[in-house]
Amino acid sequence: AAMDQQIQDENMKLKQQLMELQRHRQEEKQQFEQKLASERDAGKRHLQTAQQHHDDLQALKGNMVKLTRQLDDEVTKRDQMQASAASLERHVAEISSGHAAVGGSPTRPNSRSGNEDHRETGAQVSTKLMRVVDQWMRTHDLQQALLRGAHINDQSFSTLAQALVDCPSLQTLDLSQNMLTMDSCSDLCHIITTAPHLSFVSLAENCFTLRSIGYFMTAVMERQSAKKLMPLDLLDLHGNEGIVAAASVP
């Protein structure tokens with residue numbers, strides 16, 4: 001009987017140890033599963049973060065490419081503006097030194113008053129052009145270009161036109177009493193049909209033919225109909241060769 005009791009006690013002890021082992025094993029299993037789930041969540045978060053960083057990097061690369069292109073465009077535009085400004089300055093220098101083409105009779109070398117008049121005219125021309133060029137170089141925009149009697153010919157206007165077409169605020173363009181011909185017609189028509197706030201244009205007393213004046217009328221109609229821009233208040237064309245010749249025909 002004592003032996004049986006001892007065996008029962010041993011069995012009970014073993015059962016308790018087995019239950020303790022099973023409980024411990026269950027706790028370890030739960031801890032392992034919790035740790036595994038936590039690591040999986042951390043892995044997902046890390047993957048999402050990595051993907052977000054990758055997307056941000058791709059967006060940054062795209063912006064860098066876009067900014068680089070914009071910078072190239074701005075540099076190109078700046079170079080073009082500098083070239084135009086340099087060309088205008090050369091023209092001003094030529095006029096002020098007496099080398100620009102000037103209409104009318106040449107000044108006699110032995111006439112003091114003639115030389116003084118020529119210097120005065122050159123100084124006035126230089127001042128007009130320099131005022132326009134200086135303002136354009138500072139602001140890259142003009143509200144008015146007052147170049148009446150500035151001895152501008154077709155070649156110099158082709159350079160000046162490159163600046164005028166980039167002036168969104170241009171309202172007044174006075175090119176009267178110059179030496180412009182039909183060669184400048186295309187640039188002038190482009191300005192008339194694109195300058196949004198242009199209201200006054202004077203091309204009086206130049207050398208435009210009747211055909212050129214017809215082109216100007218077409219540009220005015222295109223400005224109002226096709227381009228839907230505000231109409232011109234005044235387009236002055238009096239005193240041009242085409243009008244004078246047509247008026248003199250009996």
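Position 1 is the first residue of the sequence, and the numbers go up from there. Only heavy atoms go into these numbers, but all of them, side chains included; no hydrogens, no water, no symmetry mates.
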Item to check | Trace of the salt bridge (Lys or Arg N to Asp or Glu O under 4.0 Å) decision for Lys13 with Glu10 | outcome: CA-CA 5 Å; Lys13 186 178 181 180; Glu10 290 291 336; 5.6 Å; no
Next on the checklist: I'd like to check Val244 versus Asn240 (side-chain heavy atoms, cut-off strictly below 4.5 Å). Are they in contact?
Outcome noted: no
Checklist entry - Counting distance only, does the side-chain N/O of Arg148 pair as donor-acceptor with the main-chain N or O of Leu175 below 3.5 Å? => result no
Checklist entry - Does the pair Thr209 and Ser212 meet the rule for a side chain to side chain donor-acceptor pair (under 3.5 Å), with working shown? => result CA-CA 5 Å; Thr209 63; Ser212 302; 3.2 Å; yes
Next on the checklist: Does either side chain, that of Ser184 or that of Asp187, offer a donor lying less than 3.5 Å from an acceptor on the other one?
Outcome noted: no
Checklist entry - Step by step, would you call Leu164 with Phe157 a side-chain contact (heavy atoms from CB on, under 4.5 Å)? => result CA-CA 10 Å; Leu164 294 178; Phe157 181 71; 4.1 Å; yes
Checklist entry - Passes side-chain contact (heavy atoms from CB on, under 4.5 Å), Ile191 versus Val201? Steps please. => result CA-CA 10 Å; Ile191 294 172; Val201 178; over 6 Å; no
Next on the checklist: Are Met230 and Val220 connected into the same hydrophobic cluster when the rule is that any two of I, L, V, M, F, W, Y join if their side-chain heavy atoms are below 4.5 Å apart?
Outcome noted: no
Checklist entry - Between CD of Gln8 and NZ of Lys15, what distance do you get to the nearest 0.5 Å? => result 9.5 Å
Checklist entry - Do His238 and Asp236 have side-chain N/O donor and acceptor atoms under 3.5 Å apart? => result yes
Checklist entry - Step by step, would you call Ser38 with Asp41 a side chain to side chain donor-acceptor pair (under 3.5 Å)? => result CA-CA 5 Å; Ser38 177; Asp41 291 340; 6.0 Å; no
Item to check | From CA spacing to verdict: side-chain contact (heavy atoms from CB on, under 4.5 Å), Glu222, Lys227 | outcome: CA-CA 6 Å; Glu222 180 182 350; Lys227 300 300 181 65; 3.7 Å; yes
Checklist entry - How about Thr139 and Asp141: does a side-chain donor come under 3.5 Å of a side-chain acceptor? => result no
Checklist outcome for this item: d(Leu229 CG, Leu232 CG) to nearest 0.5 Å is 9.5 Å
Next on the checklist: Testing the basics here: between His151 and Asn178, what is the closest heavy-atom pair and its distance to 0.1 Å?
Outcome noted: N-OD1, 2.9 Å
Checklist entry - Distance from Met179 atom CE to Asp154 atom CG, nearest 0.5 Å? => result 9.0 Å
Item to check | Hydrophobic cluster identity match, Phe200 and Val165, side-chain contacts under 4.5 Å | outcome: no
Next on the checklist: When you group the ILVMFWY residues by side-chain heavy-atom contacts below 4.5 Å and let the links chain together, are Met182 and Phe216 in the same group?
Outcome noted: no
Checklist entry - Counting only N and O atoms by type, is there a donor-acceptor contact under 3.5 Å from the side chain of Asn206 to the main-chain atoms of Leu180? => result yes
Checklist entry - For Gln155, does the CD atom sit with more than 12 other heavy atoms under 6.0 Å from it, leaving out its own atoms? => result no
Checklist entry - Are any of the side-chain nitrogens in Arg25 or Glu28 under 4.0 Å away from the carboxylate oxygens of its partner? => result no
Checklist entry - Can you tell me how far CE of Met217 sits from SG of Cys189, rounded to the nearest 0.5 angstrom? => result 9.5 Å
Next on the checklist: Nearest 0.5 angstrom please: Arg223 CZ to Lys228 NZ, how far?
Outcome noted: 13.5 Å
Checklist entry - Under a 4.5 Å cut-off applied to non-hydrogen side-chain atoms, are Leu146 and Val132 in contact? => result no
Checklist entry - Should Asp134 and Arg138 count as an ion pair when the cut-off is N to O under 4.0 Å? => result yes
Checklist outcome for this item: Checking Thr49, Asp56, Asp55 against Gln52 for side chain to side chain donor-acceptor pair (under 3.5 Å), the one that qualifies is Asp56
Item to check | Ring centre gap for Tyr215 and Phe208 strictly below 6.0 Å | outcome: no
Item to check | Verdict with reasoning, Leu160 to Leu147, per side-chain contact (heavy atoms from CB on, under 4.5 Å) | outcome: CA-CA 11 Å; Leu160 179 63; Leu147 295 168; 3.4 Å; yes
Next on the checklist: I need the Leu47 CG to Arg45 CZ distance, nearest 0.5 Å.
Outcome noted: 12.0 Å
Checklist entry - Are the side chains of Gln143 and Thr172 in touch, meaning some heavy atoms are under 4.5 Å apart? => result no
Item to check | Side-chain (Asp174) to main-chain (Ser176) donor-acceptor, under 3.5 angstrom | outcome: yes
